[in-house]
Amino acid sequence: GGPGPRPPRGCLQRRLGPRERRDMQREILAVLGLPGRPRPRAPPAAARLPASAPLFMLDLYHAMAGDGDEDGGPPTRSLGRADLVMSFVNMVEHNQALGHQELHWKEFRFDLTQIPVGEEVTAAEFRIYKLPSTHLLNRTLHISMFEVVREQSNRESDLFFLDLQTLRAEDEGWLVLDVTAASDHWSLNPNKDLGLRLYVETEDGRSVDPGLAGLLGRQAPRSKQPFMVTFFRVGPSPVRAPR
Amino acid sequence: AARPLKRRPPKKTNELPHPHKLPGIFDDVHGSDGQHVCRRHKLYVSFQDLGWLDWVIAPQGYSAYYCDGECSFPLDSCMNATNHAILQSLVHLMKPDAVPKACCAPTKLSATSVLYYDSSNNVILRKHRNMVVRACGCH
């Protein structure tokens with residue numbers, strides 16, 4: 001950039017030693033609110049392919065940084081006044097079916113331990129990719145999402161309704177389900193995994209295997225795997241203790 | 001017929017003389033002893049130089065800028081000095097050892113956004129406030 005800062009009179013300018021450089025990096029990390037530089041795992045060859053969450057978050061970054069004005073605004077309404085957005089890709093997926101009732105569902109478990117405690121959640125979305133269904137031609141499908149509030153050993157789990165979307169079996173693209181209402185429970189049990197359960201029904205109420213409806217899970221290509229995005233409004237930046 | 005209004009003598013103003021009106025006052029960017037007056041300077045923070053690009057997805061770095069320069073009386077109007085700074089500079093002229101000059105610091109700051117991986121490989125987008133200097137002034 002411009003002329004570097006002039007050293008105060010009488011002070012010799014010199015390069016930082018390795019330890020001072022590490023201290024400087026730690027200081028800048030603290031300003032950026034990062035506890036420490038994460039150990040980047042050497043991504044396996046497959047992981048170098050663009051994954052769905054980073055691709056979506058990069059669009060958000062351009063929208064938040066103001067570059068996104070050209071293409072007509074942010075990729076989601078939820079960006080609003082958020083100043084922290086977290087995407088969660090580490091999830092466990094279960095595909096269930098209760099034989100005698102022919103009841104099918106997909107369940108996703110998220111580790112929420114990284115969610116910053118005390119920050120206000122302004123929105124949360126679950127994003128899952130849908131291919132055109134080759135099994136249910138010309139049908140209307142109802143996709144409903146529930147939070148698993150409590151599992152019961154001797155009966156069905158307690159569920160909390162979150163969102164319902166209606167679409168055509170031949171539709172394709174990202175399906176966005178609003179799971180903001182689940183965030184109220186996160187703050188109550190910050191260390192409990194979040195369980196999201198997804199059902200698909202035809203208009204006559206018959207339960208359909210989500211995979212047959214074209215909904216992609218963890219087995220999908222990396223750029224089409226499901227993920228969750230949470231938007232936070234961070235409180236007033238805490239005054240940092242003098243170091 | 002309305003009596004002509006009696007012209008009131010102009011109110012005595014006790015405001016400080018505007019620097020541009022005083023004779024011999026420099027109004028270019030150089031202060032009294034050839035030093036630069038308080039203003040914003042370029043400063044680019046490179047995540048690349050810091051070796052962080054393996055976990056910062058975007059940006060590669062950002063322009064943070066910094067403020068540097070003299071706050072010498074008369075504080076030129078481009079320094080958008082506070083009234084307090086003007087008074088402090090005056091008192092400094094009278095008692096240079098007792099009261100320091102006003103100092104050059106940011107008067108307007110804006111945010112910058114950083115996209116990075118956390119330790120569990122989740123992707124985080126965070127807007128950091130007060131990271132970019134928009135304007136400098138004397139305080």
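Remember, predicted model here, so these are calculated numbers, not experimental data. Every chain is numbered from 1, with letters handed out A, B, ... down the list of sequences.
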(message) List the residues meeting side-chain hydrogen bond (donor to acceptor under 3.5 Å, both in side chains) with A:D178, not counting sequence neighbours, and say none if there are none.
(response) A:T180

(message) Give me the atom names and distance for the closest heavy-atom approach of B:I124 to A:M57.
(response) C-CE, 4.1 Å

(request) Could you tell me which non-hydrogen atom of B:R129 sits nearest to which non-hydrogen atom of A:D83, and how far apart they are? (result) NH2-OD2, 2.6 Å

(request) Not counting sequence neighbours, which residues clear salt bridge (charged side-chain N to carboxylate O under 4.0 Å, His left out) with A:R218? List them please. (result) none

(request) Of all the heavy-atom pairs spanning A:L58 and B:A58, show the shortest one and how long it is. (result) CD1-CB, 4.0 Å

(request) Applying side-chain contact (heavy atoms from CB on, under 4.5 Å) between A:Y61 and each of B:V114, B:I57, B:V123, B:L115, report the one that passes. (result) B:L115

